[in-house]
Amino acid sequence: MMNKTTLVQHLQHQEKKFLGATGEFTSMMNEIVVAAKIISLEVNKAGIGGHILGVTGNVNVHGEEVQKLDEFANSTFLNILSKSGTVCAITSEEMADPVIIPKENTGKYIFMMDPLDGSSNIDVNVSIGTIFSIYRKKSAGDSVSDEDLLQKGEDQVAGGYIIYGSSTMFIYSSGSGVHGFTLDPALGEFFLSHPDLKIPTHGNTYSVNEGNVCFWEDRQINLVNYFKEVDEKTNRPYRGRYIGSMVSDFHRTLLKGGIFMYPIDKKNPKGKLRFAFEAGPMAFIVENAGGRASTGKERILDIIPSDIHQCVPLYIGSRFDVETAEGFLKD
Ligand code: AHG
Ligand code: MN
Ligand code: MN
């Protein structure tokens with residue numbers, strides 16, 4: 001007997017209970033789910049026919065090579081969300097400027113995305129994902145202003161990600177817990193598989209691109225050396241795990257505990273990960289799961305960005321581990 005909760009049922013319930021039931025939130029999330037299913041199918045097919053793997057030859061606003069699947073994912077979300085009648089603006093890691101939705105199709109939400117995270121891993125069949133963040137339009141009137149596009153992380157209505165891995169999963173939080181759904185590929189339906197996820201308070205894994213050690217500050221080096229020391233009481237030495245696809249590294253951290261870091265370094269003096277598209281939504285999720293997210297000096301969700309593409313250093317994961325990092329990084 002089938003007795004599973006679908007993602008749509010869950011969204012409707014959450015909207016009624018916590019967000020005030022107008023249906024617009026569920027409707028927008030539904031459109032995100034449609035886009036996610038299309039991308040999941042395309043990612044699973046990548047390699048067949050050879051038309052979707054590889055680079056486009058363009059470079060995005062962050063100076064990164066744009067993969068064909070980056071572009072595919074970006075335009076899929078853009079096309080679907082802009083016709084949904086639920087959003088007034090869309091920003092993306094892959095678009096220099098926000099897209100403002102014309103009056104006839106506008107809605108009350110702002111949608112921000114990293115359409116494909118970890119895209120340099122596409123060609124080697126490693127899990128990749130989509131990260132999204134949702135805010136409510138704050139300003140009065142029809143136009144969309146900086147007041148809407150540059151909101152404090154804490155003011156997110158929802159944050160989530162889809163991971164295209166050994167299975168496709170949809171994880172989201174609208175401020176009352178973090179919930180995970182797994183796609184049944186035969187039915188094309190997401191079912192609740194991980195209700196009310198909680199991150200362990202203390203992990204035993206650190207995740208960072210240690211190849212950058214020559215570009216790090218001393219305090220970052222000291223922190224990683226600390227994780228490698230032997231001390232039974234604090235689970236050390238920690239295991240090292242780094243995929244290079246934030247969605248995957250974060251997903252493991254959420255389920256198993258530990259810390260994921262992308263520190264400042266000489267190449268990226270402000271950090272590499274984007275506040276709006278990566279750090280902010282993952283911080284919203286981790287806090288709703290009982291964890292912590294910090295720049296090392298400041299809580300991520302306290303940040304009010306000054307630019308839609310602003311980058312920040314990121315320390316995210318189990319509360320104990322992020323607090324340990326903050327202890328090493330403070331001035
Ligand atoms: P994106 O594919 O969206 O550009 O993001 C890549 C990000 C993130 O997924 C990952 O954690 C990080 O960049 C990896 O960077 P390094 O290769 O510098 O470690
Ligand atoms: Mn990314
Ligand atoms: Mn990306």
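Just so you know, ligand 1 is whichever comes first in the structure, and atom 1 is the first atom listed for that ligand.
- Taking the side-chain contact (heavy atoms from CB on, under 4.5 Å) definition, one finds that S176 meets it with Q14, F18, S174, sequence neighbours left out.
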Taking distance alone, no hydrogens or angles, what donor-acceptor pairs closer than 3.5 Å link side-chain atoms of residues 34-44 to residues at least two apart or in another chain?
unit_1, atom_1, unit_2, atom_2, d
K37, NZ, G188, O, 2.6
S40, OG, T168, OG1, 2.8
N44, ND2, S40, O, 3.1

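- Remark: the backbone N or O of L329 is paired with a side-chain donor or acceptor of R219 at under 3.5 angstrom.
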What are the polar N/O contacts of ligand 1 with the protein below 3.5 Å, with distances?
unit_1, atom_1, unit_2, atom_2, d
ligand 1, 2 (O), G118, N, 2.8
ligand 1, 2 (O), S119, N, 3.0
ligand 1, 2 (O), S119, OG, 3.4
ligand 1, 3 (O), E93, OE1, 3.3
ligand 1, 3 (O), E93, OE2, 3.0
ligand 1, 3 (O), D114, OD1, 3.3
ligand 1, 3 (O), D114, OD2, 3.0
ligand 1, 3 (O), L116, O, 3.3
ligand 1, 4 (O), E64, OE1, 3.2
ligand 1, 4 (O), R274, NH2, 3.4
ligand 1, 5 (O), D117, OD1, 3.3
ligand 1, 5 (O), E278, OE2, 3.4
ligand 1, 9 (O), D117, OD1, 2.8
ligand 1, 9 (O), D117, OD2, 3.2
ligand 1, 9 (O), M246, N, 2.8
ligand 1, 11 (O), M246, N, 3.4
ligand 1, 13 (O), K272, NZ, 3.1
ligand 1, 15 (O), K272, NZ, 2.8
ligand 1, 18 (O), Y262, OH, 2.5
ligand 1, 18 (O), K272, NZ, 3.3
ligand 1, 19 (O), N209, ND2, 2.7
ligand 1, 19 (O), Y242, OH, 2.5

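- For Q9 (side chain) and T6 (main-chain N/O), a donor-acceptor pair under 3.5 Å exists by modelled atom type.
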Let me see the working for K198 and D196 under salt bridge (charged side-chain N to carboxylate O under 4.0 Å, His left out), right down to the final yes or no. CA-CA 6 Å; K198 294 287 174 226; D196 204 13; 3.5 Å; yes
Can K137 and E147 be said to form a salt bridge (charged side-chain N to carboxylate O under 4.0 Å, His left out), step by step? CA-CA 8 Å; K137 181 172 172 3; E147 194 188 344; over 6 Å; no
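- Only protein atoms were considered; those of element N, O or S under 2.8 Å from the Mn ion (ligand 2) number 3.
- Y161 has its ring centre less than 6.0 Å from the ring centre of H251.
- The backbone N or O of Y226 lies less than 3.5 Å from a partner atom in the side chain of R236, making a donor-acceptor pair.
- Taking the ring axis of F215 as reference, the NZ or CZ atom of K266 does not stay both within 45° of it and closer than 6.0 Å to the ring centre.
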